[in-house]
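Notes to accompany the following structure.
Computed from heavy atoms alone, side chains included, the values below leave out hydrogens, waters and symmetry copies.
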Amino acid sequence: MNIKRTDIDALNATLTLEIAKDDYQEKVDKILADYRKTANIPGFRKGHVPASLIRKKYRTPVLVEEINKMIQEKLNSYITEEDLNLLGNPLPKEQEEIDWEKDDFTFEFEIGLAPDFEVEVKGKKAITQYEIKTDDKTINDQIDRIRENYGKLIAKKEVAEGDEVTGVFRNDEEEINTDATFSTSKIKGKSNLKKFVGAKVGDTLELKTKSLFNEDHDLASTLKIEHDKAKDLNVPVQFEITEVNEREKAELNQEFYDKLFGPGAVNSEEELKEKLREDAGKQFAQQTDQKLLTDVTESLIENTKFDLPADFLKKWIANNGENQLTEEEAAAEYERSEKGLRYQLIESNIVKNNEELQLKFEDLQDYSRTMIKAQMAQYGHTDATDEEVDQVVARIMSNQEEVKRMSEQLQNEKMLKFFKENAKLKKKELTYEEFIKEAYNA
C-alpha cells in the first residue's frame with residue numbers, strides 16, 4: 001500500500017492512498033474461509049457451503065471493512081511517522097461510486113496543516129496586573145454584612161429606613177406575580193424610598209420598575225427575570241407588603257467568632273479583621289489572576305499573526321458533528337470557535353518551547369495530593385496518612401474525566417505563573433469596587 005502527500009499550499013495538502021490486491025487479498029480470503037466454516041445457509045450443511053456462494057454473499061462487505069481498517073491504520077501511522085501537525089482529521093475527497101469488483105483502489109484525503117509561527121510573550125504594550133487593596137472600609141463593610149446575616153430579625157408593623165420588607169410584586173400584563181424579600185437600603189432615590197418609609201403590613205405600594213433599585217441585578221433577582229430584561233424593563237408594579245423586619249446585627253463576641261471560624265480560631269475584633277483581610281486577599285487574588293490570564297490571552301491572540309486553513313476547517317466542522325451542518329452553519333461555527341483555536345495553537349507553541357510548562361504524570365500526582373490534603377483539612381481530617389491520601393489519588397488518577405479536569409487546572413496555573421514572569425506587565429493597586437468598574441466596565 002502506497003501513500004503520497006501533495007502540498008497545495010503551506011496549510012493544505014492531499015494524501016493519496018493506493019491499495020493493491022496483494023495488500024488485502026490474504027486477509028479477506030481468511031475471513032471468508034472462516035465464514036464458510038460457521039455459516040448457516042438453508043440447503044447446506046454447516047461447513048459445506050460452496051466457497052463461491054460465500055464469496056458472492058460476503059466478499060464486498062468484508063472487503064469494505066478491511067480496506068477501511070487499512071486506510072485508518074495507514075493514515076495514523078503516516079501522520080505519526082511524518083510528525084504532521086494537523087488541524088482536524090483527514091477528510092475523504094468526493095469521488096465516483098467505488099467499484100468493489102476491481103482489484104486496485106485509490107483514495108484521496110484532504111488535510112489541514114497547523115501554521116508555523118513564533119510567539120512573543122513580552123509584547124510591546126504592557127498588560128495591567130491588578131492588585132486589590134483590602135482597605136479598612138472594605139473589611140468594615142464585610143463585618144457589617146456578616147453581622148447582619150448572623151443577626152436576628154425583629155418583626156415590625158411599619159417600615160423604617162434600612163428595614164427588610166417581604167411582599168409580592170404584581171403586574172398582570174407582564175405576568176409578574178413574585179414573592180420577594182429585600183432591604184430598603186437597595187431602593188434607589190428619595191422618592192421611591194419615601195413610598196416605603198411609614199408603609200404598614202398589608203399596604204400596597206404603586207411603583208415603577210425603572211430605577212427602582214440601585215442595581216439592575218437587584219431588580220432581576222427580586223423579580224426572578226433575566227438580567228438583560230431587567231435592564232430595559234419599565235412597567236408599573238404593585239407591591240403588597242406582607243412582612244416587615246428590622247435586622248439586629250449580631251454582637252462582636254466570642255460566640256460570634258466561634259460560629260464563623262470554629263472554637264478559638266479568632267478571639268478579638270482585631271483578629272477577626274486580620275482573618276477577613278487574609279481570606280479576602282485570597283479571593284481577590286483568584287479574581288485578579290483570572291483577569292490577568294484573560295487579558296494576556298486576548299493580547300496574544302491579537303498580536304500573534306498567522307493564517308489558518310479556514311476553508312478546510314469549515315468543511316471539517318460541517319462533516320464531523322453529530323449532525324451534518326450546512327455551509328452557512330459551519331461558517332458560523334468556525335467564526336465562534338476561531339479565537340479559541342488560535343489560542344490553543346499559541347499555548348501549544350509556548351508549552352512546546354518551554355519545558356517547565358510541559359505536564360508530567362508526576363506533576364499531576366503531586367497536584368492531586370495537594371488538593372486531596374486541602375479538602376481533607378477542610379473537613380477536619382488534618383492527620384491523614386500518606387497511605388490514605390495515595391489511595392484517594394489512585395482513584396482520581398484512574399478517572400479520565402478527573403485527570404482531564406486536573407490537567408487543565410494545573411496547565412492554567414503553570415501558564416499564569418509563566419505569564420507573570422515573562423509577559424510585560426504594569427501593576428495597579430485599587431479597591432475592589434474600583435477593580436470591578438475598571439476591569440469589567442460595571
Side-chain angles (χ1 to χ4, degrees), residues 1-8 12-114 309 311-327 329-330 333 397-404:
M1 178 164 50
N2 296 321
I3 185 166
K4 182 177 68 174
R5 169 179 160 187
T6 304
D7 289 334
I8 299 170
N12 296 274
T14 300
L15 297 181
T16 303
L17 278 77
E18 295 176 343
I19 301 177
K21 185 176 182 179
D22 289 344
D23 296 322
Y24 62 80
Q25 188 64 49
E26 184 178 347
K27 188 67 179 289
V28 170
D29 286 346
K30 184 180 183 308
I31 294 172
L32 293 176
D34 290 340
Y35 275 22
R36 188 183 179 207
K37 293 175 185 176
T38 58
N40 286 312
I41 296 180
F44 298 95
R45 283 185 299 138
K46 191 174 182 179
H48 290 77
V49 180
S52 60
L53 184 58
I54 292 293
R55 181 178 179 80
K56 181 178 180 181
K57 186 175 180 64
Y58 295 111
R59 178 186 178 276
T60 297
V62 168
L63 178 62
V64 171
E65 184 176 354
E66 287 307 308
I67 284 185
N68 281 332
K69 287 180 183 177
M70 293 172 65
I71 289 172
Q72 197 58 55
E73 290 171 2
K74 187 63 177 178
L75 285 174
N76 290 339
S77 63
Y78 180 82
I79 290 167
T80 301
E81 290 164 5
E82 296 295 317
D83 195 25
L84 296 182
N85 191 4
L86 301 189
L87 298 179
N89 298 317
L91 279 177
K93 293 188 71 173
E94 291 185 14
Q95 60 186 97
E96 296 179 1
E97 187 173 348
I98 300 171
D99 180 4
W100 294 104
E101 295 301 319
K102 294 196 310 179
D103 291 334
D104 301 332
F105 305 94
T106 299
F107 301 92
E108 290 187 309
F109 293 83
E110 298 176 63
I111 57 172
L113 302 167
D311 291 339
F312 169 83
L313 289 171
K314 290 172 187 176
K315 192 184 297 185
W316 182 77
I317 289 170
N319 289 281
N320 279 272
E322 290 184 8
N323 300 309
Q324 188 163 351
L325 304 181
T326 65
E327 286 187 20
E329 290 170 335
E333 180 60 32
M397 298 301 287
S398 65
N399 185 318
Q400 289 187 349
E401 287 299 316
E402 280 296 308
V403 170
K404 180 183 177 184

> Run the side-chain contact (heavy atoms from CB on, under 4.5 Å) check on Thr14 and Ile111 step by step: do they pass?
Replying inline: CA-CA 6 Å; Thr14 300; Ile111 57 172; over 6 Å; no

TODO: Quick one: do Ile71 and Leu17 satisfy side-chain contact (heavy atoms from CB on, under 4.5 Å)? Show the steps, please.
DONE: CA-CA 8 Å; Ile71 289 172; Leu17 278 77; 4.1 Å; yes

I'd like to know whether Thr38 forms a side-chain contact (heavy atoms from CB on, under 4.5 Å) with Asp34, so could you lay out the CA-CA distance, the side-chain angles of the two residues, the decisive distance to 0.1 Å, and finally the verdict. CA-CA 7 Å; Thr38 58; Asp34 290 340; 5.9 Å; no

What verdict does the side-chain contact (heavy atoms from CB on, under 4.5 Å) test give for Met70 and Met1, after you've listed the backbone C-alpha separation in whole Å, the side-chain angles of each residue and the deciding distance to 0.1 Å? CA-CA 9 Å; Met70 293 172 65; Met1 178 164 50; 4.2 Å; yes

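Looking only at side-chain heavy atoms (C-beta outward), Leu15 and Tyr78 come within less than 4.5 Å of each other. Annotation: side chain of Leu113 is in contact with side chain of Leu86 (closest heavy-atom distance under 4.5 Å).
Between atom CD of residue Glu82 and atom OG of residue Ser77 there is a gap of 10.0 Å, rounded to the nearest 0.5 Å. Atom NZ in Lys74 sits 9.0 Å away from atom CG in Asp23 (nearest 0.5 Å). The CD1 atom of Ile54 lies 13.0 Å from the CD1 atom of Ile31; values are rounded to the nearest 0.5 Å. Lys4 contributes atom NZ, which lies 5.5 Å from atom OG1 of Thr16 (distance to the nearest 0.5 angstrom). In this structure, Tyr24 OH and Ile19 CD1 are separated by 9.0 Å, a value rounded to the nearest 0.5 Å. To the nearest 0.5 Å, atoms CG (Asp104) and NZ (Lys102) are separated by 8.0 Å.
Counting only N and O atoms by type, the side chains of Asn12 and Glu110 include no donor and acceptor under 3.5 Å apart. Using modelled atom types and a 3.5 Å distance limit, the side chains of Gln72 and Asn68 yield no donor-acceptor pair.
Residue Ala13 comes nearest to Asp7 through the heavy atom pair CB-OD1, 3.5 Å, listed as atom of the first residue, atom of the second, then distance. Here the shortest heavy-atom pairing between Gly112 and Pro309 reads CA-CG, 4.1 Å. Here the shortest heavy-atom pairing between Asn319 and Gln324 reads OD1-NE2, 3.2 Å. The minimum heavy-atom distance linking Ile79 with Pro90 is given by the pair CD1-CG, 4.0 Å. Of all non-hydrogen atoms in Arg55 and Gln25, the two that sit nearest each other are NH1-NE2, 4.4 Å. When every heavy atom of Trp316 is checked against every heavy atom of Asn89, the shortest pair comes out as NE1-N, 3.1 Å.
Around atom CD of Gln95, more than 12 heavy atoms belonging to other residues, nucleotides or ligands sit under 6.0 Å away.
Relative ring orientation between Trp100 and Phe105 is described as tilted, the plane-to-plane angle lying within the 30° to 60° band.
Distance alone, capped at 3.5 Å, places no donor-acceptor pair between the Glu65 side chain and the Val62 backbone.
The residues Lys315 and Asp311 are annotated as not salt-bridged, no charged nitrogen and carboxylate oxygen being separated by less than 4.0 angstrom. Using a 4.0 Å cut-off between charged side-chain N and carboxylate O, Glu66 and Lys69 make a salt bridge. Ion pairing of Lys27 with Asp29 is absent here, as no side-chain N (NZ or NE/NH1/NH2) approaches a carboxylate O to less than 4.0 Å.
In this structure, Glu108 has no salt bridge (Lys or Arg N to Asp or Glu O under 4.0 Å) partners at least two apart in sequence or on a different chain.
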